[in-house]
Protein chains: 4
Amino acid sequence: MCHGMPKLGMEPIRRDALVKATIAEVGRAGSLDVTVAQIARAAGMSPALAHHYFGAKEAMFVAAMRYILGLWEAEVRGALRAARTPAERVDAVIAASFSPINFRRDVVAAWLMFYVEAQRDPGARRLLRVYQRRLASTLTHALRPALGDRARAGADRLGALIDGLYIRASLADGGPDAAAAAAMVRAAWHELEGRA
Amino acid sequence: MCHGMPKLGMEPIRRDALVKATIAEVGRAGSLDVTVAQIARAAGMSPALAHHYFGAKEAMFVAAMRYILGLWEAEVRGALRAARTPAERVDAVIAASFSPINFRRDVVAAWLMFYVEAQRDPGARRLLRVYQRRLASTLTHALRPALGDRARAGADRLGALIDGLYIRASLADGGPDAAAAAAMVRAAWHELEGRA
Amino acid sequence: MCHGMPKLGMEPIRRDALVKATIAEVGRAGSLDVTVAQIARAAGMSPALAHHYFGAKEAMFVAAMRYILGLWEAEVRGALRAARTPAERVDAVIAASFSPINFRRDVVAAWLMFYVEAQRDPGARRLLRVYQRRLASTLTHALRPALGDRARAGADRLGALIDGLYIRASLADGGPDAAAAAAMVRAAWHELEGRA
Amino acid sequence: MCHGMPKLGMEPIRRDALVKATIAEVGRAGSLDVTVAQIARAAGMSPALAHHYFGAKEAMFVAAMRYILGLWEAEVRGALRAARTPAERVDAVIAASFSPINFRRDVVAAWLMFYVEAQRDPGARRLLRVYQRRLASTLTHALRPALGDRARAGADRLGALIDGLYIRASLADGGPDAAAAAAMVRAAWHELEGRA
DNA sequence: AATGAATGAGGATTCATTCAT
DNA sequence: GATGAATGAATCCTCATTCAT
């Protein structure tokens with residue numbers, strides 16, 4: 001429709017569609033070797049339009065990463081809001097990390113890709129740092145009452161374990177499922193607190 | 001040897017050079033988007049020769065992966081040989097995984113890339129499975145005396161933690177160093193065995 | 001048409017240009033070893049665009065073949081339309097086969113190449129079969145009144161003779177010209193019908 | 001064996017092996033896109049040696065062509081020797097052209113390829129001319145008694161028909177077999193001489 | 001004589017990106 | 001806003017050919 005009213009507010013819709021298509025395609029391909037054309041087509045538009053909105057392919061990846069991080073954060077924040085005790089706070093983080101929305105096959109694959117992207121793209125690296133910092137500080141805070149000085153180390157340990165489980169889950173069929181993964185982190189946490 | 005024989009036995013030398021160059025370049029670039037030409041040049045030969053010996057780019061990656069796995073296994077086997085007690089055996093695996101040769105920046109980056117490659121290349125996936133299985137069985141075996149039935153779960157946990165630390169180490173500067181990483185796995189292990 | 005529409009309908013134009021350039025270049029080179037770049041340049045575009053429209057080199061060849069077959073068929077159909085008697089029908093086929101447009105140097109060379117392509121490309125083989133079948137059935141039909149049962153054999157003979165003359169014509173300068181070739185087929189035909 | 005007696009007379013043996021391998025491979029591939037390496041390997045030697053003997057790929061093709069022509073000529077000469085009457089001479093040429101050795105699948109395919117090669121390689125073209133001239137003159141001579149002035153035209157006609165049947169035979173399965181092809185040429189010949 | 005080693009030149013194909021409309 | 005058209009710059013891979021031994 002080219003002589004009607006200008007389509008207002010298309011930008012956020014288009015950007016959103018592209019971001020979601022990026023994750024879907026990256027997950028589907030299991031690789032960052034996804035073409036702009038693929039993504040754009042999956043999002044129902046021309047590659048040219050994708051460029052129009054994002055300027056460059058990498059920007060699309062970073063936006064997708066930011067979106068995934070946002071999902072994770074929202075989930076965590078939501079879970080934390082309902083938590084009353086420190087223990088519930090730790091559990092909230094774990095539950096959020098392995099929630100259905102965050103542990104979806106394509107999302108997990110995208111996480112792996114973003115680790116790769118972060119090797120070179122400073123923007124991606126910065127985002128990944130944000131995630132790690134936030135995860136660490138949230139966990140540290142929640143572990144403090146039980147662990148005191150050892151809280152930070154414990155948080156790092158749990159964080160690394162979560163990352164390791166993510167990466168393993170990305171492998172097609174050998175990886176743990178969400179429930180098993182969460183159980184594993186909880187077990188590590190309980191041992192940390194000496195309640196093995 | 002007869003006087004007129006052509007230059008002989010270059011193949012293993014060239015293959016080795018290419019494998020090492022592959023790891024170096026992948027590590028340097030932080031990405032599997034490394035061209036055959038780059039690798040070949042780094043290995044001191046023409047791209048055509050690289051193709052002559054490996055047939056295809058992917059075969060080079062898989063060979064490089066196999067080499068890295070071989071390094072890890074050799075290190076583990078060596079460390080195990082000196083181990084006398086189950087505890088020493090666990091420690092041997094941990095020490096080997098974070099040994100200078102296995103935890104070199106480029107090697108760690110290559111590991112990450114191989115996880116990516118494993119998303120699609122069945123050969124790579126198979127290799128990664130071999131690694132995971134071997135790590136799990138070695139650890140399980142060593143943990144059995146102390147943990148009994150819980151040995152396998154404990155081994156999986158330590159394995160996932162190791163993987164997580166690797167992936168974090170691949171991020172340029174935020175990651176833990178080898179000593180810290182090893183210490184973290186040891187701590188997790190000790191807690192597993194209830195000696196926190 | 002809205003003011004802002006992009007340039008449209010280039011595809012058929014480009015495809016046509018590529019098909020014609022393919023024939024011209026194949027004819028010029030006397031070989032299927034013609035690069036996509038050559039053809040594309042001759043058609044006034046980049047190799048990338050040629051790939052965009054045809055997907056692969058072979059598809060371009062098949063399209064060119066189809067085009068040549070189309071030329072031949074159109075010519076034959078046109079000539080047949082004016083034919084009133086069986087004899088005129090036979091003559092029409094002969095005249096069409098050696099018409100200026102079908103017996104052009106590059107077109108004849110392309111025929112030869114397509115015979116080669118047909119050795120391996122099933123698509124090309126299919127097309128060549130279509131041509132042979134159509135030639136045979138048209139001739140058989142036209143020869144029936146005079147030859148009865150011998151019509152099919154006669155048609156095959158004339159068809160083979162036409163093919164032989166084509167192949168000979170493809171040789172730069174030793175081959176027969178169109179008029180001589182047509183005369184030769186007519187002579188064979190007349191003898192077939194016993195009017196030698 | 002590098003310090004034994006020098007292997008004398010290897011050259012003709014090697015050349016012969018290469019020539020035969022060339023025909024076999026070209027026939028098998030149905031295309032001149034056969035690599036020197038393929039041919040050399042089929043002939044049991046290294047590509048380098050093939051070059052040593054022929055200097056260039058094209059020379060190998062021309063030698064193979066010469067060989068095929070030689071086969072044809074030998075067959076024709078042998079058949080002619082037994083022929084007593086002009087009619088037997090014509091029949092001899094036809095029989096030789098469709099003899100088992102000349103009408104083998106790979107040989108026929110090679111003929112087609114040589115027509116292609118002749119488009120560009122002057123050496124190949126010259127050879128093909130030799131063949132056509134010899135075929136024409138032999139047939140003309142044999143047809144003279146019956147056809148007088150029309151002998152040359154008749155010879156050209158039969159020659160073109162033979163070529164056409166060859167090219168059709170090269171197509172995998174639609175082509176005529178040797179017996180049918182020979183019968184077709186004989187029929188044309190008989191009509192030429194008015195004995196339809 | 002014979003070959004493994006080695007490469008330069010080139011070819012098909014892909015893709016992010018630009019542009020005119 | 002939106003897109004078809006278009007391309008330059010890669011990239012993988014092939015292959016005839018050369019050379020040292």
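To find a chain, count down the sequence lines: A is the first, B the second, and so on, and within it residues start at 1. Computed from a predicted structure; not experimentally measured.
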How many whole angstroms separate atom [atom1] of [X] from atom [atom2] of [N]?
X: L18(B); N: dC13(F); atom1: CG; atom2: P; answer: 13 Å
X: D33(A); N: dT11(F); atom1: CG; atom2: P; answer: 12 Å
X: R15(B); N: dG4(E); atom1: CZ; atom2: C1'; answer: 15 Å
X: F61(B); N: dC12(F); atom1: CZ; atom2: C1'; answer: 12 Å
X: E25(A); N: dA16(E); atom1: CD; atom2: C1'; answer: 17 Å

Discussion item. Judged by each residue's nearest nucleotide on DNA chain E, which is more toward the 5′ side, P47(C) or G9(B)?
Written reply: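 Closer to the 5' end of DNA chain E: G9(B).
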Atom [atom1] of [X] and atom [atom2] of [Y]: how far apart are they, to the nearest 0.5 Å?
X: T22(C); Y: I68(C); atom1: OG1; atom2: CD1; value: 9.5 Å
X: L128(B); Y: Y115(B); atom1: CG; atom2: OH; value: 4.5 Å
X: I39(C); Y: M60(C); atom1: CD1; atom2: CE; value: 3.5 Å

Practice prompt. Please collect all salt bridge (Lys or Arg N to Asp or Glu O under 4.0 Å) contacts where either partner lies in residues 12-27 of chain C, sequence neighbours excluded, each pair once.
Written response: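 Output for this query lists E11(C)-R15(C), D16(C)-K20(C), E25(C)-R28(C).
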Worksheet entry | Short side-chain donor-acceptor distance under 3.5 Å, S170(C) and Q119(D) |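 Result is yes, a qualifying pair exists.
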Worksheet item: So what's the dot-bracket for DNA chain F: Watson-Crick or G-U pairs under 3.5 Å, [ ] if a pair crosses, | if it pairs off-strand?
Response: .||||||||||||||||||||
Discussion item. Can you list everything that forms a salt bridge (charged side-chain N to carboxylate O under 4.0 Å, His left out) with R104(C)? Sequence neighbours excluded, please.
Written reply: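 In terms of salt bridge (charged side-chain N to carboxylate O under 4.0 Å, His left out), with neighbours along the sequence ignored, R104(C) is linked to D106(C).
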Worksheet entry | With D121(B) via salt bridge (charged side-chain N to carboxylate O under 4.0 Å, His left out) - residues at least two apart |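 Scan of D121(B) (salt bridge (charged side-chain N to carboxylate O under 4.0 Å, His left out), adjacent residues dropped) gives none.
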Worksheet entry | Summary of side chain to side chain donor-acceptor pair (under 3.5 Å) pairs that have at least one residue in residues 40-55 of chain C, sequence neighbours excluded |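 Counting only pairs at least two positions apart or across chains, no side chain to side chain donor-acceptor pair (under 3.5 Å) contact touches residues 40-55 of chain C.
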Item to complete: Would you give a per-nucleotide map of nucleotides 6-12 of chain E, 5' to 3', where B means the base has a protein non-hydrogen atom under 4.0 Å away, S means only the sugar-phosphate does, and - means neither?
Response: SBB--SS
